[in-house]
Amino acid sequence: MFGILKNHKAPEDPARMNEIVLAYLGDCVYELYVRNLSVETGEPRVYVLNRMSSERSKASYQAAALKKISVSLDDTEAGIVRRARNKKITSKPKNADPMDYKAATAFEALVGYLYLTGQTDRMEYIIGLALNEYEQQQAETEG
């Protein structure tokens, strides 16, 4: 999707990195995809774009995506997800259920790991699951 996603120098062993650092990076990568989708709508007002992006970035969508893919994770991915999900929360999530927040952190850590290891097809598949969760819930709300 973006050249920067393929042209970076990864740390020596991303699987051994602090899972919160992986989540930090994964959040950025995910947000870039979400913002790109919002901009593609042609909406010229930034405050509307921001609202669209915020809506698509909810922890519940990321948690649902992680649940769908959890059975197909390899040992390394499962370890990253487990460590990130089990990390103690030091701040109270503002607009998310604490369990969804922990799962979303694990989702973002997985995205960060996949980004750093150059597994962009798998990363885009997982990001797509979260975005599909948003679309499905929107359709259910409207229908």
Side-chain angles (χ1 to χ4, degrees), residues 1-11 14-74 76-143:
M1 181 177 219
F2 304 99
I4 192 169
L5 294 179
K6 296 184 193 275
N7 301 321
H8 67 280
K9 183 171 171 41
R16 295 178 147 272
M17 288 178 65
N18 179 313
E19 48 282 337
I20 300 306
V21 172
L22 289 173
Y24 170 76
L25 185 58
D27 177 57
C28 294
V29 172
Y30 183 76
E31 188 66 24
L32 189 56
Y33 275 81
V34 167
R35 286 183 182 208
N36 189 63
L37 281 174
S38 298
V39 168
E40 285 177 355
T41 66
E43 173 59 54
R45 297 167 296 180
V46 174
Y47 75 93
V48 175
L49 292 170
N50 187 50
R51 192 169 14 127
M52 292 166 72
S53 295
S54 295
E55 184 63 28
R56 286 185 170 109
S57 296
K58 287 186 176 178
S60 60
Y61 305 133
Q62 294 175 352
L66 185 64
K67 187 174 183 179
K68 283 185 176 180
I69 192 125
S70 63
V71 295
S72 67
L73 298 175
D74 66 27
T76 302
E77 293 170 343
I80 290 165
V81 165
R82 185 182 60 256
R83 288 192 336 259
R85 188 181 50 236
N86 292 338
K87 197 76 162 175
K88 183 178 178 182
I89 298 175
T90 57
S91 62
K92 185 178 177 191
K94 291 181 208 166
N95 298 312
D97 172 79
M99 295 306 288
D100 281 349
Y101 183 80
K102 286 175 116 8
T105 299
F107 170 88
E108 291 168 348
L110 179 58
V111 169
Y113 167 75
L114 294 171
Y115 165 74
L116 287 174
T117 57
Q119 299 179 63
T120 53
D121 288 342
R122 180 132 170 96
M123 180 187 74
E124 288 180 350
Y125 171 72
I126 292 169
I127 289 171
L129 288 174
L131 296 173
N132 286 340
E133 284 298 318
Y134 166 77
E135 297 298 333
Q136 286 177 349
Q137 288 192 22
Q138 287 301 108
E140 290 171 10
T141 303
E142 294 171 1

Please output the side-chain donor-acceptor pairs of residues 44-57 that fall under 3.5 Å, not counting sequence neighbours, one pair per line with the distance.
from, atom 1, to, atom 2, distance (Å)
R45, NE, E43, OE2, 2.6
R45, NH2, E43, OE1, 3.1
R45, NH2, E43, OE2, 3.3
S53, OG, S38, OG, 3.1
S53, OG, L49, O, 3.1
S54, OG, N50, O, 3.0
E55, OE1, K58, NZ, 3.4
E55, OE2, K58, NZ, 3.3
R56, NH1, S38, OG, 3.4
S57, OG, E31, OE1, 3.1
S57, OG, S53, O, 2.9

side-chain hydrogen bond (donor to acceptor under 3.5 Å, both in side chains) involving R83 - partner list, sequence neighbours excluded: E19
Which pairs of donor and acceptor atoms, one on a side chain in residues 93-105, lie under 3.5 Å apart (sequence neighbours left out)?
from, atom 1, to, atom 2, distance (Å)
D97, OD2, M99, N, 3.0
D97, OD2, D100, N, 3.2
K102, NZ, R85, O, 3.2
K102, NZ, K87, O, 3.0
T105, OG1, Y101, O, 3.0

Mind listing the side-chain donor-acceptor pairs of residues 129-143 below 3.5 Å, one per line with the distance, residues two or more places apart or on another chain?
from, atom 1, to, atom 2, distance (Å)
N132, ND2, G128, O, 3.3
E133, OE2, K68, NZ, 2.6
T141, OG1, Q137, O, 2.8

Any chance you could measure I20, atom CD1, to K88, atom NZ, to the nearest 0.5 Å? 13.0 Å
Can you tell me how far apart CZ (R16) and CD1 (I80) are? Round to the nearest 0.5 Å. 11.0 Å
Is any side-chain heavy atom of L73 less than 4.5 Å from a side-chain heavy atom of R82? no
Test log, rule side-chain contact (heavy atoms from CB on, under 4.5 Å), inputs Y125 and D121: CA-CA 6 Å; Y125 171 72; D121 288 342; over 6 Å; no
Only counting residues at least two apart or in another chain, list the ones meeting ring-ring contact (aromatic ring centres under 6.0 Å, His included) with Y113. none
Set out, in order, the CA-CA distance, both residues' side-chain angles and the distance that settles side-chain contact (heavy atoms from CB on, under 4.5 Å) for L25 and M17, then state yes or no. CA-CA 11 Å; L25 185 58; M17 288 178 65; over 6 Å; no
Checking K67 now: which residues fulfil salt bridge (charged side-chain N to carboxylate O under 4.0 Å, His left out) with it, not counting sequence neighbours? none
Considering all heavy atoms, the nearest P14-L22 contact: O-CD1, 3.7 Å
Do L37 and Y33 have side-chain heavy atoms sitting under 4.5 Å apart? no
What are the two closest non-hydrogen atoms of A65 and I126, and how far apart are they? CB-O, 4.2 Å
Approximate separation, where rounding is to 0.5 Å, of L114 CG and L110 CG: 4.5 Å
Gap between atom OG1 of T117 and atom CD of E77 - 0.5 Å precision: 8.0 Å
Test item: N18 and Y24 side chains (from C-beta on) under 4.5 Å apart, heavy atoms: no
